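Each chain gets a letter, A, B and so on, in the order its sequence line appears, and its residues count up from 1. Just so it is clear, the model here is predicted, and its values are computed rather than measured.
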Amino acid sequence: MIRKVRPHITQNEPLLFESSSPGKIGYQLPDLDVPAVDPAAALGESNTRREIEGFPEVSEVEAIRHFSRLSTYNYAIDLGLYPLGSCTMKYNPRVNEAVARIEGLAWAHPYQPESLSQGAMEVMAVLENALAEITGMDAVTLQPAAGAHGEFTGILLIRALLESRGNPRKNILIPDSAHGTNPATAHMAGYQVRNLPSNDRGMVDMEALVRLCDEDTAALMITNPNTVGVFEENITRIAAILHGKGAQVYMDGANMNALVGIARPGDFGVDVMHLNLHKTFSTPHGGGGPGSGAVAVKGHLEPFLPVPRLLRREGQWTWNYDRPDSIGRVRAFYGNFGVLVRALAYIMAHGGPGLKNATMDALLNANYIRTLLEPYYDHPHKAPTMHECVFSDEMQAKRGVRTGDIAKRLIDYGFHPYTVSFPLIVHGALMIEPTETEGKRELDLFVDAMISIAKEVEEDPELVLKAPHSTRTNRVDEVTAARKPVVRWKPAADEA
Amino acid sequence: MIRKVRPHITQNEPLLFESSSPGKIGYQLPDLDVPAVDPAAALGESNTRREIEGFPEVSEVEAIRHFSRLSTYNYAIDLGLYPLGSCTMKYNPRVNEAVARIEGLAWAHPYQPESLSQGAMEVMAVLENALAEITGMDAVTLQPAAGAHGEFTGILLIRALLESRGNPRKNILIPDSAHGTNPATAHMAGYQVRNLPSNDRGMVDMEALVRLCDEDTAALMITNPNTVGVFEENITRIAAILHGKGAQVYMDGANMNALVGIARPGDFGVDVMHLNLHKTFSTPHGGGGPGSGAVAVKGHLEPFLPVPRLLRREGQWTWNYDRPDSIGRVRAFYGNFGVLVRALAYIMAHGGPGLKNATMDALLNANYIRTLLEPYYDHPHKAPTMHECVFSDEMQAKRGVRTGDIAKRLIDYGFHPYTVSFPLIVHGALMIEPTETEGKRELDLFVDAMISIAKEVEEDPELVLKAPHSTRTNRVDEVTAARKPVVRWKPAADEA
Amino acid sequence: MLASIGAGSLEDLFAHLPAEVRFERTLDIPAGKSEYDIVNYFRQRASENATGYSSFLGAGVYSHYRPVLVDAVVSRGEFLTSYTPYQAEISQGTLTTIFEFQTMICQLTGMEVANASMYDGSSSVPEAALMAARVTGREGILVSRAVHPEYRETLATSVRHQGLHVVEYAYDRDSGGIDLEDLESKLDSTVAAVIVQSPNFFGIVEDVRKAAELAHKSGALLVVCFTEAVSLGLLEPPRDADIVCGELQSFAISPSYGGPFAGIIATKEKYLRQIPGRIVGETKDANGNRAYCLTLATREQHIRREKATSNICTNQALIALMATVFMTVYGKEGLRELAVQNLSKAHYLAQQLPRRFKGPFFNEFVVSGNGRPPEQINETLLTRKIIGGLPLGRFYPELAGGMLVCATEMTDRQAMDAFVGVFVAEEALAK
Amino acid sequence: MLASIGAGSLEDLFAHLPAEVRFERTLDIPAGKSEYDIVNYFRQRASENATGYSSFLGAGVYSHYRPVLVDAVVSRGEFLTSYTPYQAEISQGTLTTIFEFQTMICQLTGMEVANASMYDGSSSVPEAALMAARVTGREGILVSRAVHPEYRETLATSVRHQGLHVVEYAYDRDSGGIDLEDLESKLDSTVAAVIVQSPNFFGIVEDVRKAAELAHKSGALLVVCFTEAVSLGLLEPPRDADIVCGELQSFAISPSYGGPFAGIIATKEKYLRQIPGRIVGETKDANGNRAYCLTLATREQHIRREKATSNICTNQALIALMATVFMTVYGKEGLRELAVQNLSKAHYLAQQLPRRFKGPFFNEFVVSGNGRPPEQINETLLTRKIIGGLPLGRFYPELAGGMLVCATEMTDRQAMDAFVGVFVAEEALAK
Ligand SMILES: Cc1ncc(COP(=O)(O)O)c(C=O)c1O
Ligand SMILES: Cc1ncc(COP(=O)(O)O)c(C=O)c1O
């Protein structure tokens, strides 16, 4: 029985281009206090456009209604549990939004004099130190814009290290449970991907590792806890094996929410890792971004970090570009500063003990869900659960219902679905990460919904297969979207 | 056919008291930098409470979800047309919210030194002048908190004037079309209400006026345009008649949105009036307030205005309390300053010509609706329409459908209803005020909805009588609410 | 659109206005400004006000921290741009929060019912007085001189013409609390209400119980008013009162040069039908789901017209919502802890200054004169970027030389020490 | 909850971690701070940065007014706290705005298709280069030296290990635009992409048509990049380009010390399947209602893994939404008028200063040296609360002595006149 939601009217809204009417404006500019320049004269006829064809023309109130109405079609953390596994959808504190908008921070120009940027540089320095302490690493760069960007940076660092040792090597080992960004990153950094199988507990198969790890191996990219939410119990041995062959250990820190305050990658053999500040450190996902993929390294990789680096000189912060071994920059300027401000605010609000408590609550919530759902959903890997739990749809598949269908039905129960069909090592995966944000009330509603769906699968699979039934837009035809891609609006005329 | 809305799931949410769990907190205070004082010791046992029984105990995320979820049950201007007659539900520009929050304004203490309040005082002075210019009056007080409060202030001014002339007099004439606050106000100011009938064009019945207006008459409280959206064509004669008897003319300015820039009460005989800054001047209604009921007067009433008054002395603003004839203050401090800031921002954004354009658009929209709906709904008063039009449900009543039912059905069509059953002189009134905010698209959807409902009334009255059908909460039982009032939550135990 | 209504031009729309009333020129208001210009204009005005000062002003308007959640909630268009919830089916959001507000006000004040809000604390006092008059059928109003002076002025202006006689009774020159003897001496069978503020204007916590005894003995109602809502996190609620009214500015409502704020009225269940203003009640919808709606409208002006309990229509809903969010975020423990911090700060400061009154106080108190005019002391403080206390001579000639100072959780120790430093230095100059 | 999972304490939850990996001490991070402390901390940091200065800095980050509507929209939790719209049925809000974004980017750039966003302008350049390499099967990348230096550095770092050879070609010392002869001399059948920025780093509007001719003649793709999106309100879109990439910071995205910003990639329909990153497409739901969803996922890492067009996953959605709101508020006329204002301001300033280059420019230009080191001029400007231009020696030794200055609609005349005054005065000192 659905207890969490009821249907209510929401406003329809055409595309901006459909609601535009010629001459409508939603803006007013200040009067020009200098002579107006004639564009054609200044830039040349051929360089100036007549108009931006099809561009929106709406009033201010139409604009705010447009976006307000559209927003009501979205689900969000502010509305409830958002258990997307591997995405760590935790509460985004509003104070972080407030501080990131303080004028002196929001309006700082990256090229303004260092003497007038000390506040911004201090924020970055304090954050670098906090992240080094949390990860147990020696140095941190805040330049990468997201996790995948951090992975790329990290692998370039390894490559630079190995090159400095005379041979960049050929391969990177990646467990079959890894996120897609790992192999994609290895490829972009010019490495071959060697697939590392997992054992039946979801952990790295040690024999395979020993077999595959050789002098051509540049590094292992490991996610820990891995994508089935399990801590790699052999992690120190794994690291020893890699190091024994002169290879490096890269850790994908996307799941760091399981470790903050209880274990540090720097203490179990990791040489370089990234953090997703938009996951572990609560910066808003904003419908897909922005993020920040800070990279933490051990001392031996520090010389290769991207330029510029923060340097303390005569009691002032300065940007140091004089770094001969650096891989260079991976983006313009210094990083997603506005995101960094939010992450630091989160860390300050929790403090050392608070961060550990958050981790433990995250583990508690994941174990609670695993325990209560295990009777109803197949849980393939029997190892202890950390921050997320991964079920398979094996029991439901017998009735022709797959993980994707259960996900859609969950929407009718008022929840955002879990992550569907990932990791690949679990056939028909349901990957559930509640985070520490949730209280028992919300978790119990979720568990009830999942159990109730399991029953529906037995009694009335059609109901689940045709879900969702209560949304303004019901099941979307993604196949046609990909087969005949329409990725922009065109005036009716052109369509015909 | 309903084109404007589709149903979508919205999250249920218990009351805070039901979702509280002991010990949960959503706040953290700074560390105390002075010794903590023991309350009992400082205040005495008997003066200190043990706890606030039943008070909420929720986390920060539960708090934001609570209010976010509840907000989705509301209709709002930001979502669409809000044609509540007499309420002037126009767009609330967001820049007004921004400027009202600027620290130096939002955090100004009313008792801080005048030398450190010049900016706030300047804002009030500029607004007073603008409102005097717009109304054609000589002086303005910004102290009243809302329209009704302004009415009360205005009638007190009249009383003070008449007392100064030796006799406060007994009666106030009020047209039967007037808003309820008018008679209520007259009563609070110690006057008897004499009811002034309207003629068949919705205007003041001149014979009746001549008959009723005598030496006991203190004033006439007239709304112009009146509540049927009609301009009192005899207004100058009306004023002359009252002045002839030594009485004053009070104008209820709630409908000033019909006149700004095209006619000024000060030019047609009004002695004192209030403005609803939250209507004509776009400050947000906020679910019922706050407002501001600025009062504008002619010179002869100026000496009686509430203290303090702004005074320019040696190039500085100062508060003048030395006003022997003043009625005194009608509230603490100087008025709803935050609302005044917003109103001034609105006036600045429009400027003189822009304000007139807004008025004309408001008239255009009201006339557009009147013209298109006249074939389907009875329009009792044939006088020209100003900013709003008032229909009656006479045609629909034949099928047992009343204005309140049509209103509820309008909700299914995605609109907030018009004002129901007011003014009282129109039996079963539908009072529609679109304001200048709306564009043709929204108006046409509204007109189509009203016409479609008129058809439904003919074909399937039950459908309308049982509306709304598409809301998360359908028709609410207001009778029981009033018969057995439950106006606060109590723990289940107490209820039993 | 013009065509479809048969108008040739926009001007035609008001061509029917009599010539003599039409306004022919353009309003003398500068042409419309851009958003950018408007923001700059108000930033300039703001810069002409005090910024970056620490302040010791209270006196009815208090500086408390505003949790960011408050603006996050009230900035949502669904709350900000809706009106009075007349149409319950599309206003359950506003209605539910008001119902929660009414409940929390009852929990705070120890009363049984509360309304949806009044304009502010000052206007809630005359409304309470008029309510007491309706209940008792009497006309006398006794108000303590330790009630906020501007509240008393508002009371006087507002009830003057409804046949009520307002008489002030004294405060005790020693304790700063109400003078019970003077009150008793003025009480008789014509008195409808005894009004007391606690903590009072001097910050003193009043003996509400005693006041109630006296009032009830002569058949009058006790009206308790407050200006510092945070005190209710710690103080025994005025359960013995018949009506509680006051100001919620302390609950995340910025000082905003004196408004908009939010007033409250709470009382006993038996007086429910005498309350002014909007009230939200619980009921069901046609499906039997719990629902809320405006109720008891027969008290109000739009139904009752001149017989209404008040003429109030628009109230302070959004401001009351701010207070609701504030109460939710702080909650049971937080509000108490906040009150303890205020108490502790004020007492830290008081220990280093001469206190004029002996009564127990919460977060403000009267500092006795030190020989120097308070205005002079404040001038010196301004040079230290400190706004001092409120000189009392303006309202209480007998207290000229004294100033009312306030300390909240936002008043830090350095500022207090600096204040004391200046006060002592000035004192020396006086000798 | 502990009980129901059979755990005795929270610590039990990670008791299974090998002893040697467990972290036994507490993190050396100060205990949790209150919201109030956090706000104060960042206000202090902010006060250590520049505030209240007028600035002539551009160089890839521009000061444009941010309409308040932008924050009103992106502050709505439904946009702010949602993630990538994987579940279309409860993400139509985000999906629709991205579809509108893609459309507006096409309208602005003259391209046929666009993606949902890249990290920023600088990272969009290597993505475009790699895309060109995939399309042409070639490995040579020719990039103009008048492309933003930090974009070129990013390009070099990013494509180095995928077998691409990056070669820079010259700009014309006279016009400041690309040196067509140098470009032509370097073009051959190994070149996958010719990269040109317009307006370029010196503010010069490039002759995109000519560049396209040359590139296409030798079978290479033309990649046009931009850093100042406002210029597209006025400039002929680079229709002759095969790929357009760039930075939207100018569209209501605050400078924020360099990020987060939003990059774009747009191209011809025929290259649609080579685009990196998220793309939203139109489709229908089971009821036949128009609907949107993420599409062409087979290009992406979560499906294609090492064969993906890019490793990008999280993008800059919320920032792209800011730009979408900005484009909506300004609209067709507004964006043009905004561009004209920028053009006019910059030309007003340029008339009073020696320009290093002759080519047409939009809102920034290079000021020739006047004998005084630009750092020195900037020092003097700082004393006038003015942040001067960017000294170019750091990136272009041959231009040492020159500085890059920018004027936008927010640069007022007084500031420009003051700038000129200082410049002239310094010049005098030099003589
Ligand atoms: C395990 C894992 N690795 C890497 C990534 C990529 O991080 P980002 O999306 O920040 O680029 C993700 C994000 O979904 C992830 O879950
Ligand atoms: C005609 C009229 N007069 C007076 C009022 C009272 O104004 P307020 O609600 O601001 O007190 C209203 C408000 O609804 C009104 O419509």
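The contact between C/Leu235 and chain B is made by backbone and side chain atoms together, counting heavy-atom distances below 4.5 Å. With a threshold of 4.5 angstrom between heavy atoms, C/Arg209 approaches chain B through side-chain atoms but not through N, CA, C or O. With a threshold of 4.5 angstrom between heavy atoms, B/Val420 approaches chain C through side-chain atoms but not through N, CA, C or O. Both the backbone and the side chain of C/Leu80 have a heavy atom closer than 4.5 Å to some heavy atom of chain B.
Taking both residues in full, the closest heavy atoms of B/Ala345 and C/Ile38 are given as O-CD1, 3.8 Å, listed atom of the first, atom of the second, then distance. Here the shortest heavy-atom pairing between B/Gly104 and C/Thr51 reads CA-CG2, 3.5 Å. Here the shortest heavy-atom pairing between B/Val95 and C/Val39 reads CG2-CG2, 3.8 Å. When all heavy atoms of B/Glu233 and C/Pro18 are compared, the pair lying nearest together is O-CG, 3.4 Å. Of all non-hydrogen atoms in B/Val476 and C/Glu89, the two that sit nearest each other are N-OE2, 3.1 Å. Nearest approach of C/Thr283 to B/Asp477, heavy atoms of both residues: OG1-O, 2.7 Å.
Residues C/Tyr119 and B/His149 bring their aromatic ring centres within 6.0 Å.
The CG atom of B/Leu355 lies 5.5 Å from the CD1 atom of C/Ile29; values are rounded to the nearest 0.5 Å. The distance from atom CD1 of C/Ile319 to atom CG of B/Asn336, rounded to the nearest 0.5 Å, is 7.5 Å. The CZ atom of B/Arg49 lies 6.5 Å from the CG atom of C/Leu232; values are rounded to the nearest 0.5 Å. We find the CG-CD distance between B/Leu29 and C/Glu409 to be 7.0 Å, quoted to the nearest 0.5 Å. For the atom pair CG (B/Leu43) and CG (C/Leu343), the distance works out to 5.0 Å, reported to the nearest 0.5 Å. Note that the CZ atom of B/Phe55 and the OG1 atom of C/Thr103 stand 10.5 Å from one another [nearest 0.5 Å].
The candidate with the highest count of non-hydrogen atom pairs below 4.5 Å against chain B, out of C/Glu300, C/His347, C/Lys345, C/Arg278, is C/Lys345. Listed options C/Asp120, C/Ile279, C/Val340 were ranked by heavy-atom pairs under 4.5 angstrom with chain B; first place goes to C/Asp120. Residue with the most contacts toward chain B among C/Lys307, C/Arg43, C/His148: C/His148 (heavy-atom pairs, distance under 4.5 Å). Your options are C/Phe361, C/Phe99, C/Tyr151, C/Tyr348, and the one with the most heavy-atom pairs under 4.5 Å with chain B is C/Phe99. Most heavy-atom pairs under 4.5 Å with chain B: of the set C/Asn289, C/Ile303, C/Val280, C/Leu294, this distinction falls to C/Val280. When the candidates C/Ser256, C/Ala156, C/Gly233, C/Ser91 are compared by the number of heavy-atom contacts under 4.5 Å with chain B, C/Ser256 comes out ahead.
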Determine, step by step, whether B/Trp489 and C/Glu100 satisfy the side chain to side chain contact (heavy atoms under 4.5 Å, CB included) criterion, reporting the C-alpha distance in whole Å, the side-chain angles of both residues, the deciding distance to 0.1 Å, and the verdict.
CA-CA 7 Å; B/Trp489 174 86; C/Glu100 292 178 321; over 6 Å; no

C/Leu10/B/Leu363 under side chain to side chain contact (heavy atoms under 4.5 Å, CB included): CA gap, chis, key distance, verdict
CA-CA 8 Å; C/Leu10 286 170; B/Leu363 302 193; over 6 Å; no

Might you work through the side chain to side chain contact (heavy atoms under 4.5 Å, CB included) test for C/Phe14 and B/Phe231, ending with a clear yes or no?
CA-CA 9 Å; C/Phe14 53 93; B/Phe231 189 89; over 6 Å; no

Please evaluate residues B/Val34 and C/Met416 with respect to the criterion side chain to side chain contact (heavy atoms under 4.5 Å, CB included), reporting the C-alpha separation (whole Å), side-chain torsions for both, the decisive distance (0.1 Å), and the verdict.
CA-CA 10 Å; B/Val34 299; C/Met416 292 193 279; 3.8 Å; yes

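Under 4.0 Å is where a charged nitrogen must lie from a carboxylate oxygen, and between B/Glu122 and C/Arg45 no such pair does. Ion pairing between a basic and an acidic side chain is recognised when a charged N comes within 4.0 Å of a carboxylate O; B/Asp267 and C/Arg22 show no such pairing.
When the options C/Thr94, C/Thr96, C/Thr81 are evaluated for a side-chain hydrogen bond (donor to acceptor under 3.5 Å, both in side chains) with B/Asn74, the one that passes is C/Thr94.
B/Tyr27 and C/Glu337 share a side-chain donor-acceptor pair at under 3.5 Å. For the residue pair C/Asn311/B/Thr185, the side-chain donor-acceptor check at 3.5 Å is satisfied. Side-chain contact, C/Glu20 with B/Thr236: a donor N or O sits under 3.5 Å from an acceptor N or O.
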